[in-house]
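Structure, as structure tokens:
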Amino acid sequence: MSLEDKFQITRDYIPIGKSRPGTNNKGITFLVSHDTGNPGSTAYNNRAYFAQNVVSASAHAFIDDNFILEIIPLDEKAWHVRYNVPYDNRIFGKDANDASIGIELCWGDNINFKESYERYVWYHAYLCRKYNLDPETDIVAHSTLDPARRTDPENALNRYGITWGEYLADVKDYYNEFLDYEDVKAGQMAVPGLEIRGVQKDFVIQYGDRGPGVKRIQEYLIKAGMDLREHGVDGIFGPETLGAVRKFQRMYGLIEDGIVGPNTLGQLKKVLRNPGLQGQENPVRPYPGHYVMIGDRGRDVEAIQRAVNVTPDGIFGPVTEHAVRQYQGRMGLQVDGIIGPATWNVLF
Ligand SMILES: [Zn+2]
């Protein structure tokens, strides 16, 4: 099951009238998070209210513990933020009603908040993917747009011990999961924690890269216990990130090339899912005191094979030698296909 199928979206539109102007918006450039401010009122309670079309205010979607209910098509305007507030124009260059989707969280009384909240978070992440928005910069609280009159959705979130920042972080987690699943769907990346054969290796994030993919890797690295104290999550793959990737790869016995491909990403996800794993796979092996080279057999050969990404069978044949030579070349070591102390100490 893909994440997109995790929840269903119900589209049950109200008729055109005061609450649904029926005019198209100008494309979606941000999302506005609301809560209904009305404890216990469900998504369908809200739909029933706005379907009477007696008020010129509404939102596109209402979310409770059962429904993600769209009452206005997403390509149409909804009146969910006052026109004469300045912040939306200042930050996004447009009026919220013309360029954003309004999403309402239902909560209180008999509504199971956990269920309601998860749908709300999921739906925001889903819309970020759909409209190519950045959850960090393109989601805004109604209270931010209209601070004089509104306190939503923090008012609801805070009651359940969730800050705005924590909420955004939750949306980002879901959003990242969407990205990972899309990579998998495109055949470019292994499903974390699963062995996928024939995975293309052309998806990599490496030194010099910039953008959301780099940010995602930096977040994962920090969560996995790596240190990015100087630059943090800045979306730039510089020396600090390179060092953290190499250290992570060394800790978990991966090829220490500083490049984030399917293996490294898979290991990162594995560690994030099992925090108990952190540091436990550290394969520190003392140098055996002699060269390891073609013709050798045994546990050391197996460890070397794993480190240079050769199927470990414990037999140092030509394939392993070739992989060792490539590794030495990448790491700036003498390229002789023989594991002496210098190559060993970089490997382990
Ligand atoms: Zn609101």
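As the structure lists them, so they are numbered: ligands from 1, and atoms in each ligand from 1. What you see is a predicted model, and the numbers here were worked out from it, not measured in a lab. Residue numbers count from 1 along this sequence. All values below come from the heavy atoms of this structure, side chains included, with hydrogens, waters and symmetry mates left out.
Not one N/O/S atom of His80, from backbone or side chain, sits under 2.8 Å from the Zn ion (ligand 1). Metal site remark for the Zn ion (ligand 1): Asp152 contributes an N, O or S atom at a distance under 2.8 Å.
One distance of note links OH of Tyr87 with CZ of Phe92; it measures 6.5 Å at 0.5 Å rounding.
Tyr44 has its ring centre less than 6.0 Å from the ring centre of Phe67. Ring-centre distance between Tyr126 and Phe7: not below the 6.0 Å cut-off.
The atom of His142 nearest to the Zn ion (ligand 1) is ND1, with the search restricted to N, O or S atoms. Atom ND1 is the N, O or S atom of His34 at the shortest distance from the Zn ion (ligand 1).
By the 30° and 60° cut-offs, the orientation of the rings of Phe113 relative to Tyr160 is parallel.
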